[in-house]
*Asks:* 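Below is the structure I would like to discuss, written out as structure tokens.
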Amino acid sequence: MTTAVLTDRERGAVQAYLRLLHTVRAGLDTGSGPGAPPRPPLVPPSVLAEAEQALAAAGLAGNEEAFFRLLREWCPRT
């Protein structure tokens, strides 16, 4: 496996994405169970904005293949 050396902006984009992913997972994990009403996941607009801004700053907006390659190399268990 090759080791990727991320720029500060790439690392920020990956970290913002992971925070977004964990926020969505936490939203999906709450309120579930027998008899619980289904509800859509709620992601605070600030979390989405942070992720969008970090991706754009790293030049990764609209370049999912490059971004997910960085994500796999930096955090393979995600």
Side-chain angles (χ1 to χ4, degrees):
M1 175 193 293
T2 60
T3 302
V5 178
L6 277 61
T7 67
D8 288 341
R9 289 183 177 186
E10 290 171 335
R11 186 177 304 104
V14 169
Q15 290 171 334
Y17 173 79
L18 290 173
R19 281 192 292 277
L20 175 62
L21 180 64
H22 293 175
T23 300
V24 170
R25 284 182 178 163
L28 292 173
D29 286 345
T30 59
S32 61
R39 59 185 188 147
L42 177 64
V43 178
S46 62
V47 174
L48 289 173
E50 177 194 20
E52 289 290 333
Q53 184 178 26
L55 288 168
L60 295 168
N63 193 350
E64 292 84 5
E65 182 179 340
F67 173 70
F68 285 115
R69 178 182 45 78
L70 289 173
L71 183 63
R72 279 191 307 274
E73 291 172 358
W74 194 69
C75 190
R77 69 180 187 276
T78 300

*Asks:* Return the set of residues passing side-chain contact (heavy atoms from CB on, under 4.5 Å) with Ala66 (not counting sequence neighbours), or none when no residue passes.
*Replies:* Leu60, Asn63, Arg69
*Asks:* Taking all atoms of both residues into account, what is the closest heavy-atom pair of Ala58 and Arg9, and its distance?
*Replies:*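 The answer is CB-O, 3.4 Å.
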*Asks:* For Arg11, what residues pass the side-chain hydrogen bond (donor to acceptor under 3.5 Å, both in side chains) criterion, not counting sequence neighbours?
*Replies:*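 Once residues adjacent in sequence are excluded, the partners of Arg11 under the side-chain hydrogen bond (donor to acceptor under 3.5 Å, both in side chains) criterion are Asp8.
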*Asks:* With Glu10, which residues qualify under salt bridge (charged side-chain N to carboxylate O under 4.0 Å, His left out), at least two apart?
*Replies:* none
*Asks:* Holding to side-chain contact (heavy atoms from CB on, under 4.5 Å), I want the full list of residues that pass it with Ala16, two or more places apart in sequence or in another chain.
*Replies:*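 Counting only residues at least two positions away or on another chain, Ala16 forms a side-chain contact (heavy atoms from CB on, under 4.5 Å) with Arg19, Glu50, Ala51, Ala54.
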